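Read the structure below first, then the notes.
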Amino acid sequence: MYDIVYIFRGMLIGLMVSVPLGPMGVLIIQKTLHKGALSGFIAGMGAACADLFYASVAAFGLGYVINTVQTHELILQIIGGIFLLIVGLKIYFANPLKQIKARRRVTKKGLVGDFLSLFFLTASNPVTVIVFMAVFAGTSVFGDAPTFFTEIMVLIGVLLGGSAWWYALSTIVNIFRKKFRLRLLIKINRVSGIIITVLGGLVILSAFEPFRSLLPPAA
């Protein structure tokens, strides 16, 4: 029964990391509006699994992985920023009418693409591992005498917490999706595209020392 406590602690951390609506949240909302709740949720699972990867690195102290991530932090951040710029511009210039028609043709291949795109975009932010290390250290989430079992329970909770948030977000957005008219969808595309493009630019700039304070760590 006490094992559930560790899962619950992990869920709280997973929610805490996922809930702030950074660029990943905007992307998942946009995917839900144009492709439906399943696409939004699968994309969210990509982000949740990337968070789980970094949480695992932080929990088990995988030195080699941490050193590799830190060594290539600059290039990873720049690549992630470039991806966001491309995605933002693509969304901005997208035709909502074509996207609406494409809703009926959501395939397994498309869902895999949604998952992988959010996984790699989230994983391209190596600051996430530092966030998890700080949270784990500051909350004593593993208890006074951490074991492999308790760490696994916490990590399961992190995945469940993130998954629950992305499911709730995609479901809520999908409920109101049918009420959006074409003109409003065009505006949403424009606003989402601008937000993601600007965030992509900030991610690239914040990779360099003079601009590091421009962008706080976000999921």
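Note that these values count all heavy atoms, side chains included, but never hydrogens, waters or copies made by symmetry. Owing to the predicted nature of the structure, the values given are computational and were not obtained by experimental measurement.
With rounding to the nearest 0.5 Å, the separation of CD1 in I13 from OG in S18 is 11.5 Å. Rounded to the nearest 0.5 angstrom, L33 CG and Q30 CD are separated by 7.0 Å. How far OG1 of T122 is from CG of D51: 6.0 Å, rounded to the nearest 0.5 Å. Between atom CD1 of residue I156 and atom CG of residue L52 there is a gap of 9.5 Å, rounded to the nearest 0.5 Å. The distance from the CZ atom of F53 to the CZ atom of F119 is 7.0 Å, given to the nearest 0.5 Å. One distance of note links CG of L116 with CG of L121; it measures 11.0 Å at 0.5 Å rounding.
At distances below 3.5 Å, at least one donor-acceptor pair connects side-chain atoms of Y54 with backbone N or O atoms of A123. S117 places a side-chain N or O within 3.5 Å of a backbone atom of D114 that can act as its donor or acceptor partner.
With sequence neighbours left out, the side chain to side chain contact (heavy atoms under 4.5 Å, CB included) criterion links I82 to I78, I86, I204. For I172, the side chain to side chain contact (heavy atoms under 4.5 Å, CB included) criterion is met by F176, not counting sequence neighbours. Shown here are the side chain to side chain contact (heavy atoms under 4.5 Å, CB included) partners of Y167, two or more places apart in sequence or in another chain: F41, T171.
Nearest heavy atoms, G40 versus S170: C-CB, 4.0 Å. The two atoms that bring W165 and L15 nearest to each other are CB-CD2, 3.7 Å, heavy atoms only. Closest heavy-atom contact between N174 and A37: OD1-N, 3.4 Å.
Using a 4.5 Å heavy-atom cutoff, the side chains of L118 and K31 are in contact. Put simply, the side chain of I152 reaches to within 4.5 Å of the side chain of F60, judged on heavy atoms. Between W166 and M45 the shortest side-chain heavy-atom distance does not fall below 4.5 Å. Using a 4.5 Å cut-off on side-chain heavy atoms (C-beta onward), L159 and L155 make no contact. Between S39 and T32, every side-chain heavy-atom pair lies at or beyond the 4.5 Å cut-off. Within the 4.5 Å cutoff, the side chain of V154 has no heavy atoms near those of the I7 side chain.
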